[in-house]
Amino acid sequence: MCGIVGYVGPKRAEEILLSGLARLEYRGYDSAGVALLTPNGLRLIRQVGKISNLAQAVQEAGITGNLGIGHTRWATHGLPTEENAHPHCDCTGKIALVHNGIIENHRELREELLSRGHRFRSQTDTEVLVHLVEEEYRGDLVEAVRRAVARAVGAYAIAVVHVDHPQEIVAARLGSPLVAAATPDEGFLASDVPALLPYARAFYFLEEGEVAQILPGGLRVWDRHGRPKEVRLREVPWDPLSAEKAGFRHFMEKEIHEQPRAIADTLRSELSTPWEEGLSGLDLSPVEHICLVACGTSYHAALVAEYLWEPLLGLPVSAEIASEFRYKNPAVGEKTLVVAVSQSGETIDTLMAVRGAKAKGAQVIGVVNVVGSALAREAHAVFYTRAGLEIGVAATKTFTAQIAALELLGLWLARARGLLREEELRQAKERLSRAPRLVEEVLELAPQIEALAQKFYTYPNFLYLGRGLLYPLALEGALKLKEISYIHAEGYAAGEMKHGPIALIHEAMPVVVLYSAQELPEKVLSNMQEVRARRGILLVLADHVNPEVEELADHLLRLPPSSRELLPFTFTPALQLFAYHVARLKGTDVDQPRNLAKTVTVE
Ligand code: F6R
């Protein structure tokens, strides 16, 4: 993971680097550093911990410069120490480099470089790159970087500066993202758009294998074969103000409350696209099965789509965990439609699954939030979720926006297969357009949910149960709780409980049950009885309450009733708010939970 920022121009580089790093902190936050070109040469400042520690160290050092690179780290090789923090320098101290990715042949390269007298100061895989640039440097930094990365195997996004090149940053990428921007007298570089939103609105997204030179007022780019490329910038419509908390305590809380707009924007933008246009570029006639690939929360959205699409489309539909899918030699080919779901569009497991399926002839639709991301570029067709920038590491508004997009995509596919008439499609879209209002109704229950969190935040374990469509939502509810509150939580298909997890139930075990009139209510009631018979504590989220539910539940949260396809929009916000308030009461770092990163670009 990790985040990179670079700046060259008339302003104080350290300020732009630190503000950019703070906006990229979601990519990793165990240590950070900057290299600044000062009148006395390159100055390196690195600190363990968050960007605030680095900011203080930069202030205390009192240095400034007009060229610099910065980095926030998510450790892969080597502990999060100051020596392992980036930037890394070559033996002469004239070159500094930051890196996001993993160099797989770093051991061989290190041996070779050591035998030629290079001195290493860290345990990172990255450091070999800066020594390779040093070896290859003969006065042309672009050429040196090109030759150095040609020797590396693995994934990289790098930024390199040299004391003898006070007006340029050289960047290269393969497998890890980089965006560049230029204003009339400045040049910028970053891992992701949010870092640069206060300074630029149009960006160049580096392609695989490209090398770029970032100059004050301009960019030069070479393709993987070293040929110069025409640089076309792409406008990104995000508002920098959306990166502020707007009165909420955490970004996660704000983003939970932004869901009605995120869903409405997603539905509105797609509603204005005729389905034929949205699916153009694909040939659906040979498709005999659909495979959704994704990771984490996006996988749960994919699983929702599996439950909705299979009966709708009359085709086998399966949701697959991308990191498993790519290595199991899946039976996909020209008859397969792959739908890859990813907020960032940069998750390496999902990208590799897509590349593998494409190589076997499958067609790919990307459901993506980040404009211009790798998945958006590599898919044959793209469905954008319009959730806007999500800063909280735990996905919230992007999850419900993904479900909105997948529901609509399912309708398009049904229409394209002749299973829905135009009028039926219109009516189904009409029903879907109720989703934002339903979310608003659930958000109004926030005080009740907070009161429930107050009762439950000290418990060390939770079980979440649901059937049908509510099963992926139970998985998502459990994932939200564990990732932000560090409480152990398991999501289970309610019918599976008796096959093992029932052994966990005792008088101090809270069981969160998702109960709906739409999904096997009688069966779920039996599962609740089974919990009750073992003295488990039943916290029931129900969109339909009868005397039996009322009697069984120790704690009950009533959700608005809805139709089956709208269940994700009532249950999800309640589960998110519950996890949020539990974590807040526990005092964990809600927006940046330990060990996590928002964009996962390592396998
Ligand atoms: C959990 C979470 C992660 C991501 C996963 C995939 O809250 O955010 O589980 O869903 O890392 O990320 P994307 O959607 O960017 O591919």
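All ligand and atom numbering here is 1-based and tracks the order in the structure.
- For the pair L575/K480, no side-chain contact is recorded, criterion being any heavy-atom separation below 4.5 Å from C-beta on.
- With ligand atoms numbered from 1 in the order given, ligand 1 contributes 1 (C), 7 (O) to contacts under 4.0 Å with heavy atoms of E483.
- Here the side chain of E320 pairs no donor or acceptor atom with the backbone of V293 at under 3.5 angstrom.
- In this pair, H555 and F456 present their aromatic rings perpendicular. The plane angle is above 60°, beyond the 30 to 60° band.
- Residue-to-ligand polar distances keep T350 apart from ligand 1: every N/O pair is separated by 3.5 Å or more.
- If you check which protein heavy atom lies closest to atom 6 (C) of ligand 1, you get C295 O, 3.4 Å.
- Among all protein heavy atoms, the one lying closest to atom 12 (O) of ligand 1 is T347 OG1, 3.4 Å.
- Geometrically, ligand 1 and G345 share no nitrogen or oxygen pair separated by less than 3.5 Å.
- Residues Q259 and E440 form no side-chain contact, since every pair of their non-hydrogen atoms from C-beta on lies 4.5 Å or further apart.
- Relative to the ring axis of Y204, R234 does not place its NZ or CZ within 45° and under 6.0 Å from the centre.
- Considering backbone and side-chain N/O of Q402, none are found under 3.5 Å from N/O of ligand 1.
- Near S298, with a cut-off below 4.0 Å to any heavy atom, the atoms of ligand 1 are 10 (O), 13 (P), 14 (O).
- Remark: ligand 1 atoms within the under-4.0 Å shell around heavy atoms of V393 are 8 (O).
- Two rings, from F399 and H300, have their centers 6.0 Å or more apart.
- A donor-acceptor pair is defined here as one N or O able to donate and one able to accept, closer than 3.5 Å; such a pair exists between the side chain of S191 and the backbone of I4.
- Atoms of ligand 1 lying under 4.0 Å from any heavy atom of S344, numbered from 1 in the order shown and given with element: 13 (P), 15 (O), 16 (O).
- Ligand 1 has no atom lying under 4.0 Å from any heavy atom of E346.
- Inspection of the K360 and N329 side chains reveals an N or O donor paired with an N or O acceptor under 3.5 Å.
- Ranking protein heavy atoms by distance to atom 11 (O) of ligand 1, first place goes to V600 CG2, 3.9 Å.
- The closest heavy-atom contact to atom 2 (C) of ligand 1, among the options V293, L375, T297, comes from T297.
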